[in-house]
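Position 1 is the first residue of the sequence, and the numbers go up from there.
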Amino acid sequence: MSHELTLRVYYEDTDLAGIVYYANYLKFIERARSEWVRALGIDQQAMQRDSGHVFAVRRVEADYLRPARFDDVLRVVTDLAQASPARLIVDQQVRRDDQLLFAARVTIACVDRQGRPVRLPSILRTAIDG
């Protein structure tokens with residue numbers, strides 16, 4: 001189950017040399033995960049409003065391989081690597097054409113209003129199992 005988000009690098013994403021600032025890759029992959037969850041049919045605002053549950057990043061392992069630059073068009077690819085009742089592990093890549101620029105493995109948990117771990121919503125489990 002793969003999802004792709006295309007985005008362009010804007011001046012605000014770069015440092016003085018026109019290279020994407022390292023922390024912005026985390027923003028890019030966050031946007032892609034949000035769009036992936038949306039594509040699975042999950043309304044995160046409704047989930048938070050109705051049950052108080054939200055997704056939280058528990059761990060990120062990241063490799064910065066090549067720089068992205070101002071005005072590049074990038075593809076952020078999100079793939080489900082592993083799922084358990086309480087967490088997801090996704091692999092994400094940022095690519096420019098066929099070049100791999102950045103790779104990350106992200107562990108995501110679902111938590112309640114008090115920040116305690118809870119089971120993933122059944123609609124999400126159904127979507128990823130389907």
Side-chain angles (χ1 to χ4, degrees):
M1 155 181 323
S2 190
H3 179 271
E4 290 190 18
L5 174 69
T6 301
L7 55 86
R8 181 176 299 278
V9 175
Y10 294 105
Y11 184 72
E12 67 188 25
D13 299 319
T14 65
D15 61 17
L16 292 174
I19 295 172
V20 171
Y21 182 67
Y22 80 97
N24 287 330
Y25 289 95
L26 299 177
K27 292 179 182 182
F28 298 162
I29 65 173
E30 176 71 31
R31 291 177 199 161
R33 284 193 311 278
S34 292
E35 292 301 327
W36 174 64
V37 169
R38 181 176 284 114
L40 289 172
I42 309 300
D43 181 337
Q44 292 187 69
Q45 284 186 322
M47 185 176 80
Q48 182 179 18
R49 181 186 62 242
D50 298 343
S51 68
H53 296 168
V54 295
F55 297 114
V57 171
R58 173 142 181 351
R59 179 180 174 93
V60 176
E61 298 172 61
D63 289 311
Y64 298 85
L65 304 167
R66 297 172 189 240
R69 300 181 189 283
F70 173 67
D71 211 33
D72 282 350
V73 175
L74 307 176
R75 280 184 310 117
V76 185
V77 180
T78 303
D79 289 299
L80 178 64
Q82 203 173 12
S84 74
R87 70 179 179 168
L88 299 173
I89 298 175
V90 295
D91 289 329
Q92 294 188 274
Q93 298 180 346
V94 177
R95 295 183 162 276
R96 179 183 51 236
D97 300 320
D98 291 331
Q99 287 187 317
L100 178 60
L101 308 179
F102 174 86
R105 177 161 274 205
V106 183
T107 302
I108 303 159
C110 191
V111 297
D112 66 13
R113 286 184 175 94
Q114 288 73 39
R116 293 182 304 239
V118 295
R119 293 176 78 79
L120 295 171
S122 60
I123 187 170
L124 177 60
R125 288 194 310 268
T126 300
I128 61 178
D129 288 341

Item checked: Closest non-hydrogen atom pair, S51 against R113 -> O-NH1, 3.6 Å
Next item on the list: Please answer: with hydrophobic residues joined when any side-chain heavy atoms are less than 4.5 Å apart, are V57 and V118 in the same cluster?
Entry: no
Notebook entry, point to check: Below 4.0 angstrom, N of the basic side chain to O of the carboxylate: do R33 and E30 qualify?
Noted result: yes
Margin query: Check the orientation of Y25 and Y64. Use parallel for under 30°, tilted for 30 to 60°, and perpendicular for over 60°.
Written below: perpendicular
Notebook entry, point to check: Do the side chains of P121 and M47 get nearer than 4.5 Å, heavy atoms only?
Noted result: yes
Notebook entry, point to check: Would the number of heavy atoms belonging to other residues, nucleotides or ligands and lying under 6.0 Å from CD of Q114 be above 12?
Noted result: yes
Notebook entry, point to check: If you measure from CG on L65 to CG on L100, what distance do you get to the nearest 0.5 Å?
Noted result: 5.0 Å
Checklist line | Where A32 and V76 come nearest, the two heavy atoms and their spacing | finding: CB-CG1, 3.3 Å
Item checked: Min side-chain heavy-atom separation F28-D13 under 4.5 Å -> yes
Check: Are any non-hydrogen side-chain atoms of Q45 and Q48 less than 4.5 angstrom apart?
Finding: no
Notebook entry, point to check: Any side-chain heavy atom of L101 sitting closer than 4.5 Å to one from P67?
Noted result: no
Checklist line | side-chain contact (heavy atoms from CB on, under 4.5 Å) assessment of W36 paired with L88 | finding: CA-CA 13 Å; W36 174 64; L88 299 173; 4.0 Å; yes
Checklist line | Exercise: identify the closest heavy-atom pair between A86 and L120 | finding: C-CG, 3.9 Å
Item checked: Residue pair R8 / D72, side-chain heavy-atom distance below 4.5 Å -> no
Check: Is the closest side-chain heavy-atom distance between R87 and R58 below 4.5 Å?
Finding: no
Checklist line | Note, V90 side chain near I108 side chain (heavy atom, < 4.5 Å) | finding: yes
Next item on the list: Could you tell me which non-hydrogen atom of S2 sits nearest to which non-hydrogen atom of V77, and how far apart they are?
Entry: OG-CG1, 3.6 Å
Item checked: Single-linkage hydrophobic cluster I123~V111, side-chain heavy atoms < 4.5 angstrom -> no
Note to self: Grouping I, L, V, M, F, W and Y whenever their side-chain heavy atoms are under 4.5 Å apart, do L26 and L7 come out in a common cluster?
What the structure shows: yes
Next item on the list: Looking only at non-hydrogen atoms, find the nearest pair between V37 and F55 and report the distance.
Entry: CG1-CE1, 4.1 Å
Margin query: To the nearest 0.5 Å, what is the distance between CG on L40 and CG on L80?
Written below: 8.5 Å
Margin query: For a side-chain contact (heavy atoms from CB on, under 4.5 Å) check, start with the C-alpha distance between Y22 and D15, then their side-chain angles and the critical distance, and finish with the verdict.
Written below: CA-CA 9 Å; Y22 80 97; D15 61 17; over 6 Å; no
Next item on the list: Identify the heavy atoms of A68 and V9 that sit nearest to each other, and give their distance.
Entry: CB-CG2, 4.4 Å
Item checked: side-chain contact (heavy atoms from CB on, under 4.5 Å) between L74 and F102, intermediate numbers included -> CA-CA 11 Å; L74 307 176; F102 174 86; over 6 Å; no
Item checked: Min side-chain heavy-atom separation V106-T78 under 4.5 Å -> no
Checklist line | Atom pair CD (E61) and OG1 (T107), whose distance is rounded to the nearest 0.5 Å | finding: 7.0 Å
Check: So D112 and R116, salt bridge (charged side-chain N to carboxylate O under 4.0 Å, His left out) or not? Walk me through it.
Finding: CA-CA 5 Å; D112 66 13; R116 293 182 304 239; 3.1 Å; yes
Note to self: Which residue in the set R75, R31, R95 passes salt bridge (Lys or Arg N to Asp or Glu O under 4.0 Å) when paired with E4?
What the structure shows: R75
Note to self: Surrounding CZ of R96 (heavy atoms of other residues, nucleotides or ligands, distance under 6.0 Å), is the total greater than 12?
What the structure shows: yes
Checklist line | Distance (rounded to the nearest 0.5 Å) between R59 CZ and R105 CZ | finding: 10.5 Å
Next item on the list: Give the intermediate values and the outcome of side-chain contact (heavy atoms from CB on, under 4.5 Å) for residues T14 and I19.
Entry: CA-CA 5 Å; T14 65; I19 295 172; 5.8 Å; no
Check: What distance separates R119 CZ from C110 SG, expressed to the nearest 0.5 Å?
Finding: 11.0 Å
Checklist line | Spacing of S34 atom OG and I42 atom CD1 [to the nearest 0.5 Å] | finding: 12.5 Å
